[in-house]
Amino acid sequence: MNAIFEKLAMYFQFPFVQYALIVGILIAFCSSLLGTTLVLKRFSFIGDGLSHVAFGAMSVAAVVGLTNDMWLVLPVTILCAVLLLCSGQKAKIKGDAAVAMISVGALALGYLVTNLFSTSANISSDVCTTLFGTTSILTLTKLEVWLCAILSVAVVAVFVLFYNKIFAVTFDENFAQSAGTRVNLYNLIMAIVIAVVIVLAMNLVGSLLISALIIFPSLSAMRVFKSFRSVILCSAITSVLCAALGILISIVAGTPVGSTIVAVDIAVFLLYTLAGWILRRAKH
Amino acid sequence: MSVITCSDLSLGYDGKVVVEHLDFRVDAGDYLCIVGENGSGKSTLMKTLLKLKSPLSGQITMGEGLRQTEIGYLPQQTVVQKDFPASVEEVVLSGCLNRMGLFPFYRKKERDLARTNMQKMGVEHLAKHCYRELSGGQQQRVLLARALCATRKLLLLDEPVAGLDPKVTAEMYELIYRLNREDKITVIMISHDIAAAVRYASHILHIGHTPLFFGPTREYCQSAIGKAFAAAEEVAL
């Protein structure tokens, strides 16, 4: 046990390990806040879909030769998020089908473009890095950490200020609209926030992890808690703890960061499911 | 004293007309039941009254100083709500949103209003319970309490007894009737249940692509269409 702590203490002297922990926790926190509404609105796969869109846009940016691909990636991803979340009940292609279509389409086109016009010698490794974020969380700069911190504060502020409206719109869009709540405006705000979180998170931790960070904590919390507020609080705390634990384990055991966090999330989900089952049993 | 007046209203979607030439008015204190077969445009009419949809042509006028946001709406349940983690209190409070403007949090007066309406609907003891674990009748009472938080004047109810058993259905109708009589709340209700409509409503609007009947309940029972519809119901029963 002592050996493990010594190893951790040694690693924590490196700034890149500190950065990884800070950024991992912030992203886990933000995505768990958004996760509950997304899961309830049947948009669990939107993290996956949008990160594939971001991947497609990145490939195009790389081929075109943009020095800073953010200028292309962010607008394209926001546009897709708005298309998916704001078309709502009017859309001809709905929910899961629309997400699947955009996700698969963007991934395929992105990979195709990379292959056709690639400048790099090692395509599969580039693609793998984008999808799994194997190393990027360990190569963060101070600037990126600050960017992430500012973004997280903004996401939390939006969420707290609009909390009651977000609840009303998620629970019953028609009622909220009939009572004069500007449903489309809140859907738009949510779509933009989600797109921004996903694009930044994807650069840092990879697109596989971002999807897991959005859905697992909320699903776990929903096994046990029964009011909206308690589910949100529980999923935020769970998400932060799982991310921290995952990063620590990956440092000690030398496993990939992203997939270790997801593995911890899965274990916690099973624990919560068991806890929910026991609680229900105890009640009867 | 008219709360809502519709003149030569045509409704539909994607350019397809569902109902046309709708002319009717609802006065303060009325209890209007909208009846008609499936697909006759009842729900479309209700969505138009709520301004969730815009009419193809014609006009809706609101009177009595009634603002669009002061309508209490009881929608049909959605799939999302079946596994939504929300306490009864949270659901009822969300009915107060229209009186808060840009202020982000519930204040004491909103909490008091929610509590009063939960008491009125007899669900106060369930305040901390999970909405999805309640019975169908309890869920409808919770949604009615939420609608009452949003209005003091006009309730729009979309099939409020769908899926409820006979005993709970009767209780629900009594509850709505009391709100209409004692609290002087104008009620507009969509219903399949012609027998109950005739028993409780003061006016009936029967639609099927064109308005087939509009007027006081007593006259509806005498009319050819009312008799035919009632007879068909009895056969079905």
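Below, chains carry the letters A, B, ... as their sequence lines are ordered, and counting in each starts from 1.
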Can you tell which of A:R223, A:K226, A:R42 makes a salt bridge (Lys or Arg N to Asp or Glu O under 4.0 Å) with B:D83?
->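 Answer to the salt bridge (Lys or Arg N to Asp or Glu O under 4.0 Å) test with B:D83 among A:R223, A:K226, A:R42: A:R42.
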Take the angle between the ring planes of A:F228 and B:F84 and call it parallel below 30°, perpendicular above 60°, tilted in between.
-> parallel
Chain A contact via [X] - side chain, backbone, both or neither, heavy atoms under 4.5 Å:
X: B:K128; answer: neither
X: B:V88; answer: neither
X: B:R146; answer: both
X: B:F105; answer: both
X: B:A150; answer: side chain
X: B:L143; answer: side chain
X: B:E133; answer: side chain

Segment of [X] engaging chain B (4.5 angstrom heavy-atom cut-off):
X: A:V160; result: both
X: A:T170; result: both
X: A:F171; result: both

If we only count heavy atoms from C-beta on, is the B:I71 to A:S178 side-chain gap below 4.5 Å?
-> no
Any side-chain heavy-atom pair of A:K41 and B:V80 under 4.5 Å =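 No. Closest side-chain heavy atoms not under 4.5 Å.
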Supply the atom-to-atom distance [X] [atom1] to [Y] [atom2], rounded to the nearest 0.5 angstrom.
X: A:S227; Y: B:E89; atom1: OG; atom2: CD; answer: 9.5 Å
X: B:M46; Y: A:N174; atom1: CE; atom2: CG; answer: 12.0 Å
X: A:K165; Y: B:S94; atom1: NZ; atom2: OG; answer: 12.0 Å
X: B:Q81; Y: A:L40; atom1: CD; atom2: CG; answer: 11.0 Å

Under 3.5 Å: donor-acceptor pair, side chain of A:N164, backbone of B:P104 =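 Here the side-chain-to-backbone pair exists.
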Does [X] [atom1] have over 12 foreign heavy atoms under 6.0 Å away?
X: A:R182; atom1: CZ; result: no
X: A:F45; atom1: CZ; result: no
X: B:R107; atom1: CZ; result: yes
X: A:R229; atom1: CZ; result: no

Could you pull out the closest heavy-atom pair between [X] and [Y], with the gap in Å?
X: A:A179; Y: B:N98; value: O-CB, 2.9 Å
X: B:E90; Y: A:Y163; value: OE2-OH, 3.7 Å
X: A:F175; Y: B:A147; value: CE1-CA, 4.1 Å

